[in-house]
Every structure is written in structure tokens, then in C-alpha cells.
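Everything below concerns the one structure shown next.
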Amino acid sequence: MSRYDPAITEARWQKAWDEAGVFTARRDENRPKYYVLEMFPYPSGRIHMGHVRNYTMGDVVARYKSSCGYSVLHPMGWDAFGMPAENAAMEKGGHPKEWTYGNIAVMRDQMKPLGLSIDWSREFATCDPEYYGQQQAMFLDFMEKGLVYRKAAVVNWDPVDMTVLANEQVIDGRGWRSGAEVERRELTQWFFRISDFAGELLEALDGLKDWPEKVRLMQANWIGKSRGLQFAFETAGAPAGFDRLEVYTTRPDTLMGASFAAISPDHPLAKALEASDAGVADFVAECRRVGTSEEALEKAEKKGMDTGIRVRHPLDPAWELPVYIANFILMDYGTGAIFGCPAHDQRDFDFATKYDLAIPPVFVAEGAEEAPLGEAFVPMKSERVRYVRGFAGATVQTGEEAVNAAIAHAEAKGYGRGVTNYRLRDWGISRQRYWGCPIPVVHCADCGVVPERKENLPIRLPDDVTFDVPGNPLDRHPTWHDCACPACGRPARRETDTMDTFVDSSWYYARFTSPRAKTPTDAADVDYWMNVDQYIGGIEHAILHLLYSRFFARAMHICGHLPAKAIEPFNALFTQGMVTHETYATRGADGRPIWQLPEDVIRDEGGARLKDGTPVEIGPSIKMSKSKKNVVDPMDIITRYGADTARWFVMSDSPPERDVEWTASGADAAQKHLARVWRLAHEVTTRGAGDPSHDQALLKALHRTIAEVTAGIEGFAFNKAVAKLYEFTNTFSKSDASAGAKRTAMLTMAQLMSPMVPHLAEDVWAMLGGEGLVAQAAWPKADPAMLVEDSVTLPIQINGKRRAEIVVPKDMPPAEVEKIALSDEAVIRFLAGQPVKKLIVVPGRIVNVVV
RNA sequence: GCCCGAGUGGCGGAAUGGUAGACGCAGCGGAUUCAAAAUCCGCCACCGCAAGGUAUGUCGGUUCGAGUCCGACCUCGGGCACCA
């Protein structure tokens, strides 16, 4: 064979790895273990470039760590429950199960040719009854430990399709299929008590040293710890049972700036008024037409309605404030009621302006005088301000001090108490859908809500369901929900809610350590393999998935399924950027966008159109997603160029943490380079002796490359590792070193390339007579002696501008460097006799002359 | 609206506060070839004949020195709890 031919060799090496069992994870007490995990994929149907990028990154780490002597666990599975399977069934017929497992088979077949070092024997899908049965067992454990409860919560309700909608399915306040205006509706739903762990989940973030700072910050903000005052207003004119109105505020120091109180449309008081007041009922109904998402609520026009009720100010019983129902008050935060201080909160300011309420300032900037405000004055809490309507603490103090003084005042006078509040809400896991893990409880007329017996698990999903009408197929199944009460044995009804798919993905990392165990985990296996040493996934999961997993690990520990060391399951986290692509849309008859696949769009100078000429609107480049159809199929590249080219390509150029916009060019170039390396290796076996006097230069370059590539991989700078390999390839190609040195250099280069392009590396290794498989060879070490340089080029700046450069011995004392610098011809010319005011010599770096 | 990021040549990007543009793509020129493909060599931020000047989204600041640190803003992206 005399040319690079991945089509033949890649399959051959994959077989060789397979037969040698190179990637089978083994518990080996004599070796350190390393668990590398990429966020498992949703089986959408085909792999996309984001997958290739994600799994190649993980594979580089896994192969590298394996070379470094670790016993590596690198598994793969499928996050297989979720709405798209049901949507497909509704649109095209068929069954979610067939659709899902069919997609898994296709995607597995697409992933295997990538040559990933995955232990496929551990593969599972979350929709396997063996998996979700263990999840149900844990749900029962959680119930027993009081980590689960039921309460009423609001959902998006489509009144035409008579079905619950996901936020994603609500577009501009309307159902995505029916187009009907969505309503908020209350249902009794299941919750996990994640908010009980809010403080701990927040504090433990400090220990996650190998997580990106931005993710820790996002999680901290999401948990949203705040210290404030909770107190009750006495009401006047309120319905029976509402003689007090509890409010929570983080700015009790602004109490004297209150000009109104406001409650959420979902507040019990609002509901009570709704029953007797048609005006309130209309207003509340209008508020409920906004979706349930925080974004929708925050963006909606701020509206309020005066209830006619008044509350007495806690510091002055004669002072009465009006009570509004306002659409921007969230029932889930604090008490669902606030007092409004328009002078120091922009939202309150807008509200007060709209409804013509007073805007009395509480404090002014230090040194300023009280004046009418054109907008809310909201300085940092750490800033000192002068209180003109203060009531606790010094006249001039920081907001922080004033808040503490106000809380102390309230507690001393007995009208309120300091409270620590979290923004984090309990995790609602109920879904009124079929394709999810059934919640293993039974509703009995006599015994109430009863947990299913563990021996009856898994509670399997029925196969005979239909999707011709919207709504939950489990609910309308004729017999599935019929069962015997586990407590009294009488006929009862099975819970038809299924679990949020985030539950499935909150513990799969633990399951990979013993995927066939008859319990959720196996003690010896989790103890050996946990924690995940390196977790890799998209930044879009920075908050929810990772926070839920952190909670779940704690809950599993409480139930004995994880050791204490695993309550933070991911030691190191890397968030890769997304693969983005332009979006293409045509317009439907109703003006709504109809997304189009890139492969169906023809681009030309004028814009873009479909094959039939329909004009296409080009949207911004955003995350590739099924719903926007802006996806590109990586299989074309793999079948045309081979896996190594695709792998090399996705590791080149873009830093892994940054978004990369997919473009079709570049794959050719990647393959050219790999073919070049192959050719250079082949030449080593055929060329003559060469010149040994050039060996040292080549080997020095090689050792620098070892150091740089190793640092690149360790630091998740794969693009830089690739660039260094390009550089060394150029050096190698130009080198006239001896055959022996070239063989050594090429063998080492094959090793350095092997995490990225493992098949080519094996080719080269075998060609040059390397021992065994590269996949099992020890990672090369850079010899420190070979990294030392004797001289260094120093730029000389004059007033910060580069004017000259000098070459000096590496260890030359600064005084001598100064002398040489000042006697440099170009320096003398630029100085033109001006006196030198200051001379800065940064050894090995730079000289700066200031005149 | 709120929270978190990112902006550097034609393009992807590199640069512990110390020579801005490594490396790659595209482009241009050359070698080889009957010709092409493939390969190899060279050039390649902008303005300027040159000396030199201007350049890291914008505007300010700190510093001997700023792409990097600080402040304000602009644009784009992610998340906002039922998309996964």
C-alpha cells in the first residue's frame, strides 16, 4: 500500500481495538481510575456536528488518560425519553418506542465509525425498563425520605387541543398546533424538594474548583440567595381570612418610600377577590393569558389593578397604601406579595408613574439634595448614601448597613423578621405525557396516594397507545391505570403522570458504573469509578441539568445509592461551545415561520430560495437544533473522507469552549494534512540515511512539540495542540535528519496525534514498526534538557512602541541587556539624543525605554 | 425584562499585562507536468514610493507598556425552571 486510505484502514483498526478489548473499562485496584463522560445524546435520528465535536473531545481526553496509565471508563448511552418521540408519532404515525429505538440504532451505527474509545458494553437507554425501573425504585426511596411531595402548580393549557403545553410549544402566547390562546391552569403535581438543598447547593459551588467560573456564577444566581425582611401588613377592606398580608422585601430600608402594595394574580387573596368581583376576575383572567415562563411574565407590559383594599404601614398605622394586583409579581418568589418603592426600583417606578402614585425618595446620593426623580435611583448596595426618609441606622450609610439596621429595627419592634430566601423553586417533575418514566404511585379511594411496591417494578409503559388525539395517552388508556392498591388490595388507579426527562439524565452517570445491576447502583462499582473526573457538554446545560444532577446525587446519597464523596458527582466540567448555523425559514399562510433544512436551501448572491423558487429568509446563526432545522449531517464528511478527517477537523481552529459556525469548507484541508503525515511517514521507510548533524534540531523541536501538545490536551486547548502538530509536521518535512531520528520523531508524532486521529496514528505506528498498538502505548514525556534555549530575541520599545530587537544570551544580566539595548543603532536613531527617563528590562521578555 | 458569555485580517483563530495576527483556510506568484490532478517553494492586516503611520466592536480610564485590567455603551449568542 502506498497511500493514505482511511476507508480500508479505519475499519481494520477498529476491529483490532475491539479484539484486544482496549476500551473495556475494568476495575483495577492497582491503577488510578479516570472517568470521562460526555453528556449523552438525545436520539433525534441522526448525529450532528455538535455530537461529533463533543464526543471527539471526550475521546481525546479518554485516549490521552489511558496512555498516561489510567484505568479509563468512557461510556455511552441515550437520553431517550421526551416529547419529540410523541410528536413524531402524532405527525407521522408509528410508536415512540419504535421511533426511539430505531433512531438509537441509526445513531449508534453512525457513531461507531468515528472510532471512539467507548466501552459499548455499558450502553443503555433511559427508556429501557431496566433503567427506568431503577429510577422508579429511587423515586420510592425519595418518597420515604420525604424528598417528594405533591402540590398544585400552574401549567400552560391549550383550550382547543385540551392538552398541557411545554413552554417551547407556546409561541407568542398561543399553542403551536392549535394557535389558540394559551391559559394558565392549576394541576396537582409531583415535586422534588430541591429547595431544601438550596443553601448547600450554593455553598458547595465553592468547592468545584475545576468548573468554569461562569457556570458556578450562573448556578449561584439561579439559586439566588437573598437576605431580607418578611412582615405582615394589616389590611382594611379585605375579605374574611385576609386581615394580614405577608410580604417579603430585600430592601426594608426603603420602607418609608412605600407607595403601594401589590400581589401576584395567583395569590390566594387575588383568587378570593376573583370569586366576588367580576372586574378582578376579568383582570386576573387577562394576566393568566400570559404563559408560565419567567421570560413571558417579565417581558409582558406591566399592568395592575387597584383592589380597593388598603394596608396600614407598619411604621405608621395612619398611613394607608393601596393594594394592587400586578402581573409582574411572581407567586413563586417570596410570599407572592410586595410593597412597592418606586423611588428605588425601576419596575415600581414605571408602575407608580403609570398609575399616578407618589414617588418619595428614601435616600439620595451622598452630598446631593432631595429632588424629583426622572427614573429610579438604584445605587449599588455597597455604596454610601444619605437617608432622607430613614428610620434605622445612621443618616449616611451603605444600603447594606441600612438593610441590616432595618431588619434589626423590625425584630426589636416586633413587626417583622429577617429571612433568608432563595429564588430556587422546588423541582416540578410531573409531565402529562406518555413517553417518560411512569411515576410509581397508586391513587386509592380509601388509602389515598400509595407508593407502589418495589417488587412490582418496573411499572412499564403500555405499548398499545394511540397518538391520533392530543393529551396524555396513559390517561385515556382503557386499562393501564387499573391496578390493586398496594396497601389495601382494593381496585385503585395508577398515577398517569410521567417524570420530567431531566430526572433520567440526573443519575445516568452513576448507572454507567454498573449498568446491569439489579439495584440503582452497585456499592463496589460506584466506589471505584465515581466521581466523573471530566464531564463535557454544552453550555446550554449550565444551570438546569447540572443543578438537578447535583441535587440528585445528594438525594441518592441519603438513600444509600451513592457514597458521600459523590454528592458532587462531577469533579471537573468543561462546557464546549455550540455548533451554530444560519436558520432558514419560509412563511406559512398565517405568517408564522416554517423552518427549512440547509440542504434544501439554495444560496446565491441575491439571498436564498428553495428548489421550487420559494424565497427563504436567512436568520442569524444559532445553536443547531431540530426545532429550527438548522442542522448539518456529519456523515457526509465521514463517508467521504474518513473519521480521522472529521475528528481532526472539529478539533482544529476553534477553541472548544467557543461557539463554532459550521461551514462546509475545510474538510479537504484536514484530509490533505493527514495524507501528508502518512506520506512523510512512508518516506521514512524508503528514504536514505540523512544527515545526523541535523538530529539534535529535529529532536529539540520534537520535545517542544511533546510539551506543547501535552499542555494543549491537558488544558482543553485542542486547537492549539493541533496547530503545534502542524508546525512540527512542517519542521519534520524540511528536516534532513538521519533516518533513525526521523523514525523516532515520526513514531512520537503518531502518539501525539493518536488522541485526535487514532486510526492514522496506528497506520503510522505499524508502518514504522512500533510495538503493539498506539492505543496501548505509554504517552511520551518531554525531556526538560531538550527544552532549554540558549539565546532569546528581545524587542526594544521606546515609549511603548516597538523600534528594534536584539538577540542576547538567555541569562544575560539586565544591566548588560540595558547596555546593548542603548547602543543599538536603531535605538540611538529613535532616541535622537533625548535623555532616557526610565529603562525597564523584563528578563527574557522585553526592554522598554521611556524618554 | 433578568442572569451569564463573546466580539482580533477576506475567514477560523494565536498571544503568563511585554514583538498583535502563531497555525490553518481562502487568495496570489512560482516549481514540477505535454496538460491537469496531486505535490513542493514563496507572498499574504490596512494606508504609504519610502521613512513611517493606523489597527483587536465603540468611548473613556489605570500602566513604562492594554487584545488582555477597570468603567460606560453597542452588537451577537446561551439560559430563564414543561425543548433536550
Side-chain angles (χ1 to χ4, degrees), chain A residues 39 41-42 44 79 81-84 153 155-156 164-170 189 194 212-215 217-222 224 292-300 302 328 332 346-347 423-433 500-502 505 538-545 547-548 575 577-578 580 620-623 625-627 652-655 657-661 663 665-666 668-670 672-673 675-676 679 717 719-720 722-727 730 733-734 793-805 837-840 842 844-851:
Chain A
M39 292 179 184
Y42 178 78
S44 54
D79 186 15
F81 276 135
M83 290 201 308
V155 293
N156 299 304
V164 176
L165 296 178
N167 284 336
E168 188 194 46
Q169 299 171 314
V170 180
Q189 307 199 63
I194 187 172
E213 183 56 39
K214 65 174 168 185
V215 174
L217 195 55
M218 279 192 261
Q219 293 220 348
N221 288 337
W222 186 261
T292 57
S293 77
E294 189 169 313
E295 183 188 7
L297 293 171
E298 290 278 342
K299 277 188 176 166
K302 308 289 175 280
F328 57 89
D332 291 310
Q346 191 56 42
R347 212 161 44 178
R423 203 185 76 98
L424 180 67
R425 313 199 293 254
D426 276 336
W427 176 9
I429 61 155
S430 282
R431 298 292 180 271
Q432 294 70 41
R433 278 183 252 286
D500 178 8
T501 57
F502 272 120
S505 56
I539 183 66
E540 70 272 25
H541 294 294
I543 297 176
L544 291 178
H545 161 62
L547 192 62
Y548 289 150
T575 52
M578 284 165 300
T580 66
S621 189
I622 56 170
K623 169 181 141 186
S625 79
K626 297 169 289 293
S627 58
S652 310
D653 296 341
S654 280
E657 68 277 11
R658 205 180 294 183
D659 286 355
V660 56
E661 180 171 4
T663 56
S665 67
D668 271 323
K672 270 184 199 173
H673 178 72
R676 183 179 184 216
R679 216 166 36 243
N719 56 322
K720 284 187 255 174
V722 166
K724 295 303 174 187
L725 285 163
Y726 267 108
E727 220 166 77
N730 286 332
S733 155
K734 290 186 174 74
T793 304
L794 288 186
I796 301 174
Q797 295 184 331
I798 296 171
N799 286 342
K801 283 194 188 291
R802 191 179 75 93
R803 296 302 187 188
E805 60 183 37
K837 279 191 202 149
K838 199 169 172 184
L839 193 58
I840 293 143
V842 184
R845 278 293 182 188
I846 205 164
V847 179
N848 194 9
V849 186
V850 186
V851 294

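No hydrogens, no waters, no symmetry mates; every other heavy atom, side chains included, goes into these values. Lettering follows sequence order; numbering is per chain, from 1.
- Look at the P atom in both B:U75 and B:C23: the space between them is 36 Å, to the nearest Å.
- Among the heavy atoms of the strands, none lies under 4.0 Å from A:His545.
- Nucleotides B:G65 and B:G61 place their P atoms 13 Å apart, quoted to the nearest Å.
- Nucleotides B:C59 and B:C64 are separated by 24 Å at their C1' atoms, to the nearest Å.
- Within the nucleic acid shown, A:Phe328 has no heavy atom closer than 4.0 Å to any nucleic acid atom.
- Residue A:Trp427 is classed as having no contact, given no heavy-atom separation below 4.0 Å to the nucleic acid.
- In this structure B:C69 sits in a base pair with B:G61, meeting the Watson-Crick or G-U test at under 3.5 Å.
- Taking atom C1' on both nucleotides, B:G5 is separated from B:G10 by 27 Å, rounded to a whole Å.
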*asked:* I need a per-nucleotide contact map over nucleotides 13-20 of chain B, read 5' to 3'. Cutoff is protein heavy atoms under 4.0 Å; write B for the base, S for backbone only, - otherwise.
replied: SSSB-BB-
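- Using a 4.0 Å heavy-atom distance criterion, A:Lys214 is classed as a sugar-phosphate-only contact.
- When the C1' atom is compared between B:U16 and B:C11, the two are found 28 Å apart, to the nearest whole Å.
- Within 4.0 Å (heavy atoms only), A:Val164 reaches at least one base atom of the nucleic acid.
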